[in-house]
Amino acid sequence: MSAIVVGGGIGGLATALSLARNGRRVRLLERAEEFAEIGAGLQFGPNASRALDALGVLDDILPLAVRPERAELRDALTGHLITTLDLGPAFHERYGYPYLVLHRHDLLETLVQHCRRHSSITLETRRSVTGVQLRPDGASVTCADGSSYEAAALIGADGLHSTLRRCIHDDDPICSGYAAYRGTVPRRLAGQSASSNDVVLWIGPGIHLMQYPVRRGELYNQVAVFRSRRFAQGRTGPGEWGGPEELDDAFATACAPVREAVSRIGRARHWAMSDRAPAPTWINGPLVLTGDAAHPMLQYLGQGACQALEDAVELGYRFALHSSPDGVDLDLAYREFEAARLPRTARCQTSARPWGELWHTDDPLVLALRERVLGRRAPDDYRELDWLYAPVTAGSAAPALTVAGPQPAVTR
């Protein structure tokens, strides 16, 4: 059983690695000239750390990452501390794995290195897929340069603007009207806000700022997000909204630490925040979608890359579970993968939207309720996180990452 993975981001590389570790031959096709991640930091809850361990990658990531001691939620206008979340020993004991923050490139490069160690993985860049043929016995793809490939299984891991998704659904990404500016600065230049390893989130009407250290603490990652007035007014074309002047205007009334941080973020590029509604299926014959191609979500739960890693582990496990000397029962493997993953990722997609609205609200009643409820919670009250972070064993009725397959996770 051979497989083609389209897309060489974090999710695609993790999928190729997972399939190879479970005995498959994999060809990965990436459209860019080299493997690179656009953006800076990643937040990894223990569910993602668990997935990295199942892929055999965690030990190489830990020295590059930072383990924050706590997460802070602050008012972006007043600087007032709303609530904290303890990410220390109690958190680790509850979920079995640490909360990590790391640089996207560090993870991507580590995945590339692991893939290159497998003789059964072929990595190809400059391969932009332009055509797909799906057959009962497999799939073939053609690329812009005229090259073509065939395999029994085809996995679409080509992101938010997936080409392969068109083989299953005729829909488009939904833009939220929010724009994000991202970047890192040397930690010594980040000011007082970088004095600890905490993850700090500042929230306010139509804005938020996320901050945390990455790359062994050498760099400080900052993400500034705001609701665009121009987008709301119908100026939605490329270059018509989300520019630096809107960024500065949106944060003009924020407290001094937030304004100072935003002034340090690079202005060369911004990202539109988009998602899609949960899909009824990710499967069409030999094709299955994973990661953002299957379930793109807004960033408010910090789960985009995390869920792609869970997909990778689960798909590899299902391939191994339904292998025989005659090959893989692809239909059964795909159906069980989708049954395990789709409800969980759909919950992430649908939960992220209202969570973002709560961050950005300007409704006085909601603001007062938010302050009251969150202000009373204890730092070690993890009940609302259990559905996302707690491990679930294979065979459970609850949809979650399978960790009891051929690559058992190790409690750390």
Item checked: R353 and D275 ion-paired at < 4.0 Å -> yes
Checklist line | Residues R165 and D292 bridged, charged N to O under 4.0 Å | finding: no
Next item on the list: For the pair N22 (side chain) and F319 (backbone), establish whether a donor and an acceptor sit closer than 3.5 Å, ignoring hydrogens and angles.
Entry: no
Note to self: Treating N284 as the side-chain partner and C167 as the backbone partner, does any N or O pair qualify as donor plus acceptor under 3.5 Å?
What the structure shows: yes
Notebook entry, point to check: Would you say R341's side chain and Q307's backbone share a donor-acceptor pair under 3.5 angstrom?
Noted result: yes
Item checked: Modelled atom types, side-chain donor and acceptor of Y389 and N47, under 3.5 Å -> no
Notebook entry, point to check: If you round to the nearest 0.5 Å, how far is CD of E336 from CG of D329?
Noted result: 8.5 Å
Margin query: Looking at E246 and R229, is there a salt bridge between them, counting it only when a charged N and a carboxylate O are closer than 4.0 Å?
Written below: no
Next item on the list: Under the salt bridge (charged side-chain N to carboxylate O under 4.0 Å, His left out) rule, collect the residues that match up with R230, sequence neighbours excluded.
Entry: E245
Check: When the aromatic ring centroids of H322 and F337 are compared, is their separation below 6.0 Å?
Finding: no
Next item on the list: State, without any angle test, whether Q113 and D60 hold a side-chain donor-acceptor pair at a distance under 3.5 Å.
Entry: no
Next item on the list: Ignoring hydrogens and angles, state whether a donor on the side chain of R24 or S323 is under 3.5 Å from an acceptor on the partner side chain.
Entry: yes
Note to self: For the backbone of A254 and the side chain of R259, can you confirm whether one donor and one acceptor N or O come within less than 3.5 Å of each other?
What the structure shows: yes
Next item on the list: Using modelled atom types only, decide if a donor and an acceptor are shared between the side chain of S228 and the backbone of Y178 within a distance under 3.5 Å.
Entry: no
Margin query: Determine whether Y300 and W355 satisfy the following criterion, ring pair (Phe, Tyr, Trp, His ring centres under 6.0 Å), listing intermediate values before the conclusion.
Written below: CA-CA 6 Å; Y300 303 114; W355 193 232; 9.0 Å; no
Check: Judged by atom type as modelled, is there a donor-acceptor pair below 3.5 Å linking the side chain of H169 to the main-chain atoms of T281?
Finding: yes
Next item on the list: Report the C-alpha separation of H208 and F226 in whole Å, then their side-chain angles, then the decisive distance to 0.1 Å, and conclude whether the ring pair (Phe, Tyr, Trp, His ring centres under 6.0 Å) test is met.
Entry: CA-CA 7 Å; H208 77 263; F226 66 93; over 10 Å; no
Item checked: Parallel, tilted or perpendicular: ring planes of F91 versus Y382, cut at 30 and 60 degrees -> perpendicular
Notebook entry, point to check: Is there a donor in the side chain of D363 and an acceptor in the side chain of T361, or the other way round, less than 3.5 Å apart?
Noted result: no
Notebook entry, point to check: Would you say E30's side chain and G8's backbone share a donor-acceptor pair under 3.5 angstrom?
Noted result: yes
Item checked: Polar side chain donor-acceptor pair, Y181 to Q222, under 3.5 angstrom -> no
Check: Charged N to carboxylate O below 4.0 Å: is that the case for R70 and D86?
Finding: no
Margin query: Please check: side-chain N/O of Q349 versus main-chain N/O of R276, any donor-acceptor pairing under 3.5 Å?
Written below: yes
Next item on the list: Could you tell me whether R335 and E338 make a salt bridge, using a distance below 4.0 angstrom between a side-chain N and a carboxylate O?
Entry: no
Check: Between the side chain of R377 and the main-chain N/O of T84, is any donor-acceptor distance below 3.5 Å?
Finding: yes
